[in-house]
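Down below is the structure, laid out as C-alpha cells.
Values below: every heavy atom of this structure, side chains too, minus hydrogens, waters and symmetry copies.
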Amino acid sequence: MNDRARVPFALIGVLLVVSSVTLTATAGYHDPEHTPAVDRAMDGVTAESVSVLRGAADNAATAAARSPVTRPANTTAGRALNESQPFRDALRLRLYLTAKERLEAVAFERGDVVATASLPPVESTTEGYRAAIDSVHLSRVGTDEAAIRVNIDGVTLTAT
C-alpha cells in the first residue's frame, strides 16, 4: 500500500479548515456597539410592539366573543357602528382601543435613546370612533380561515 500522498492531503485539509475558520471569524464579526443606538432602540420597540399588539388582538377578540354586539346601542360609540355589521365594527373598535392602551406602556431604551410606540388618540365623538374603526382592517387567514389577521393603520414609532 502506498502512503506517500496521505500526509500532503491531510496537511492541505487542515490548512483549508484553519483558513476558512479565520476568514469566517474576521468577516462575520459584527460589533453591536457600533450599531447606532437609534437603530437598536427602533428594532427593540418594533419587536415589543408586535408582541403587545398580538396580545391586544387576542384580548379584544376574546372580549368580543364573550360580549358580542349584535345591535348598536344608542350611544356615541354605538352610532359609529355600521348597522349591517355591528359585531365586526365593535370588534374593530375594541381592537383599536385595546391596542392604543397597550402601546402607551411600550418603551425601549438603548443608551441615551428611548423609542416608543403609539396610536393617535380617539375623539369621544361618533366621527372619532368611526375613524378608529376605519383604521383597523380584518381578514380571515389559515387553512380553514378560522384565524384573523389584524392590520392597524397609524402606529407610530418615535425615538428620542
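Of all the heavy atoms in Tyr129 and Ala80, the pair that sits closest is CB-CB, 3.6 Å.
With hydrogens and angles ignored, the 3.5 Å screen pairs no side-chain donor or acceptor of Thr98 with any backbone N or O of Leu95.
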Distance-only donor-acceptor pairs under 3.5 Å for side chains of residues 148-159, two or more places apart:
residue, atom, partner, partner atom, Å
Asp153, OD2, His137, NE2, 2.8
Thr156, OG1, Gly154, O, 3.3

Under 3.5 Å, sequence neighbours excluded: what are the donor-acceptor pairs made by side chains of residues 106-128?
residue, atom, partner, partner atom, Å
Thr125, OG1, Gly128, N, 2.9
Thr126, OG1, Thr76, O, 3.2

Between side-chain atoms of residues 57-75 and protein atoms elsewhere (two or more places apart, or another chain), which donor-acceptor pairs fall under 3.5 Å?
residue, atom, partner, partner atom, Å
Thr62, OG1, Asp58, O, 2.8
Asn74, OD1, Arg79, NH1, 2.8
Thr75, OG1, Gly78, N, 2.9

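Residues Met42 and Val38 meet the side-chain proximity criterion, which asks for heavy atoms closer than 4.5 Å. Using a 4.5 Å cut-off on side-chain heavy atoms (C-beta onward), Arg54 and Val50 make contact.
Note that OG of Ser135 is 10.0 Å distant from CZ of Arg130, once rounded to the nearest 0.5 Å. Within the model, atoms OG of Ser49 and CZ of Arg102 stand 13.0 Å from one another, a figure rounded to the nearest 0.5 Å.
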(message) Pair Asn82, Ile133 - check side-chain contact (heavy atoms from CB on, under 4.5 Å), show working.
(response) CA-CA 10 Å; Asn82 188 332; Ile133 291 167; over 6 Å; no
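Using a cut-off of 4.0 Å between Lys/Arg side-chain N and Asp/Glu carboxylate O, Arg92 and Asp89 are scored as salt-bridged.
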